[in-house]
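A short write-up of the structure that comes next.
First the proteins, then the strands, lettered A, B, ... as listed; each starts at 1.
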2 protein chains.
Amino acid sequence: MTPEDIPDIVISRLPVYLRALSRLQTEGQEITSSKELGERLGISSAQIRKDLSHFGEFGKQGTGYEIKKLVDQLRRILKVEREWDVALVGAGAIGHALAHYNGFADNGFRITMIFDNDPAKIGTRLNGFEICDVARLGEQIQEHNITLAMVAVPAETAQAVTDELVKAGVRGILNYAPINLTVPEHVHVQYIDPVVHLQRITYYV
Amino acid sequence: MTPEDIPDIVISRLPVYLRALSRLQTEGQEITSSKELGERLGISSAQIRKDLSHFGEFGKQGTGYEIKKLVDQLRRILKVEREWDVALVGAGAIGHALAHYNGFADNGFRITMIFDNDPAKIGTRLNGFEICDVARLGEQIQEHNITLAMVAVPAETAQAVTDELVKAGVRGILNYAPINLTVPEHVHVQYIDPVVHLQRITYYV
DNA sequence: TAGATTGTTAATCGATTAACAATC
DNA sequence: TAGATTGTTAATCGATTAACAATC
């Protein structure tokens with residue numbers, strides 16, 4: 001079963017399963033079932049079993065899943081059993097929050113490079129890392145073989161920054177700018193825009 | 001066509017259409033087509049037309065859509081033609097970034113209330129608003145009739161904060177804590193967790 | 001053995017898309 | 001009129017779920 005066979009909607013749920021399982025683990029639980037996990041997440045147990053079945057058999061009839069084992073498997077499937085270096089572009093308020101977010105290190109992501117275009121910020125440090133001139137972005141990213149980046153710049157410059165990142169070899173982008181990015185097929189973009197999420201809420205309120 | 005008839009997947013795309021149309025507007029364009037919009041967003045033109053058709057007829061054969069008109073309609077559908085007051089719970093790094101984010105005001109969302117549990121922060125100001133004791137959260141939210149909240153507290157306290165918010169009448173929550181929240185049916189939650197998004201990217205990289 | 005839960009099948013349900021008449 | 005694009009229909013495609021044999 002090659003990656004391209006597995007629906008993206010399935011992939012999108014795996015990190016959510018992983019997060020819930022990790023949480024159960026910190027709560028000291030060792031075994032769970034698709035029923036219990038489904039109830040926690042508001043998802044049917046059948047869907048969880050079906051999703052997991054794309055990748056192998058991880059449970060035991062009558063018992064359920066050993067959480068530690070399933071966590072390890074999901075980490076492997078999502079390729080987060082390793083450490084990922086991430087470049088952060090934009091050292092404004094959002095960049096600042098991202099640079100200080102502990103959740104990254106805990107999950108194998110490490111911001112190792114920060115860029116900005118503000119001369120007042122270039123050369124200063126943010127959470128221990130020196131802020132570099134965005135003009136040297138391509139060169140630096142290539143030199144350190146970075147493949148993941150977070151874009152936290154204004155909408156106006158986000159596409160230009162993205163083009164630079166792609167040219168330098170970045171394969172995955174987490175975009176905080178409120179704009180749709182155009183990228184080649186081999187580059188994967190995820191979007192975080194609180195306004196988009198809030199507008200989806202207000203429809204129902 | 002009542003709201004509950006319209007698939008949530010359709011609703012989830014409307015804010016993205018709105019964002020792209022607003023952008024076209026700031027670029028000075030007045031007319032667009034489902035083809036053009038679809039190419040910008042990587043979505044088929046048929047899907048855009050189908051999505052919009054749930055709510056009425058907004059285009060003109062042979063011409064396309066008047067952007068200003070379509071923007072107004074989408075704002076009305078999503079209920080963001082009005083101003084929404086939002087409570088922010090948590091004045092850490094993420095709360096700080098949210099409090100300073102200009103994108104909210106530009107789109108009709110106004111953070112009018114900020115809460116934290118840190119005595120060192122309570123009473124100080126963040127972007128002009130006084131940080132209130134989270135112990136008074138329910139009382140304050142009820143008094144000001146707030147229906148939207150952003151949760152930016154650690155995972156450990158997120159569910160307790162949520163329960164308070166719900167009890168006080170909040171109907172929509174944007175959750176930044178890396179945990180699944182349990183809420184009654186009438187409350188709508190959206191999740192923002194950069195780790196979840198990054199893990200979805202690494203699968204493909 | 002009795003009870004529980006998996007992995008999988010087949011049926012159901014829902015979303016996307018191709019195609020086109022209508023019409024600007 | 002010729003060209004373009006909408007809104008909608010029907011077909012296709014894909015995802016979810018109910019059910020159950022297998023089995024711990």
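Although no hydrogens or angles enter the test, the distance criterion places no donor-acceptor pair under 3.5 Å between the side chain of A:Trp84 and the main chain of B:Leu198.
In this entry the distance linking CD of B:Glu66 with P of C:dC24 reads 15 Å, nearest Å. At whole-Å resolution of the value, CZ in A:Phe55 and C1' in C:dG7 are 15 Å apart. Nucleotide C:dT5 holds its C1' atom 14 Å from the CG atom of A:Leu70, rounded to whole Å. Remark: P of D:dG7 and CZ of B:Phe58 are 8 Å apart, rounded to the nearest angstrom. One atom, CD1 of B:Ile31, and another, P of D:dA4, lie 16 Å apart when rounded to the nearest Å. Counting to the nearest Å, the C1' atom of C:dC13 and the CD atom of A:Gln47 are 13 Å from each other. Between the NZ atom of A:Lys69 and the C1' atom of D:dC24 there is a distance of 13 Å, given to the nearest Å. The interatomic distance linking A:Leu52 (CG) with C:dG7 (P) rounds to 7 Å, in whole Å.
Remark: D:dG14 base-pairs with C:dC13; criterion is Watson-Crick or G-U wobble with both hydrogen-bond distances under 3.5 Å. Under the Watson-Crick and G-U wobble criteria, each requiring two contacts below 3.5 Å, nucleotide C:dC20 is paired to D:dG7.
Nucleic acid contact for B:Lys50: base, since at least one base atom lies under 4.0 Å from a heavy atom of the residue.
When the nucleotides C:dG7, D:dT5, D:dT16 are ranked by their closest atom to the side chain of B:Ser33, D:dT5 comes out on top. Of the candidates C:dT8, C:dA22, C:dT6, the closest approach to any side-chain atom of A:Ser34 belongs to C:dT6. For A:Glu57, counting side-chain heavy atoms from C-beta on, the closest listed nucleotide (D:dC24, D:dT8, C:dG7) is C:dG7. Here the side chain of B:Arg13 is nearest to one of C:dG7, C:dT16, C:dA18, namely C:dT16.
Of the side-chain N and O atoms in B:Arg49, none sit less than 4.0 angstrom from OP1 or OP2 of D:dG7. One finds a side-chain N or O of B:Tyr65 lying less than 4.0 angstrom from the OP1 or OP2 phosphate oxygen of D:dG7. Residue B:Thr63 places none of its side-chain N or O atoms closer than 4.0 Å to OP1 or OP2 of D:dT5.
Looking at residues two or more places apart in sequence or on another chain, you find a ring pair (Phe, Tyr, Trp, His ring centres under 6.0 Å) between A:Phe104 and A:Tyr101.
Checking A:Ser44 against B:Gln61, the closest nucleotide of DNA chain D that is more toward the 5' end is the one next to B:Gln61. DNA chain D is contacted by both B:Ala46 and A:Ile9; B:Ala46 maps to the nucleotide lying nearer its 5′ end (nearest heavy atom per residue).
To the nearest 0.5 angstrom, B:Ile77 atom CD1 is 8.0 Å from B:Ile11 atom CD1. Taking CD1 of A:Ile114 as the reference point, atom CD1 of A:Ile122 lies at 12.5 Å (rounded to 0.5 Å).
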**Request:** Begin from the C-alpha positions of A:Thr147 and A:Arg171 and carry the test side chain to side chain donor-acceptor pair (under 3.5 Å) through to its verdict.
**Result:** CA-CA 5 Å; A:Thr147 53; A:Arg171 304 273 310 277; over 6 Å; no

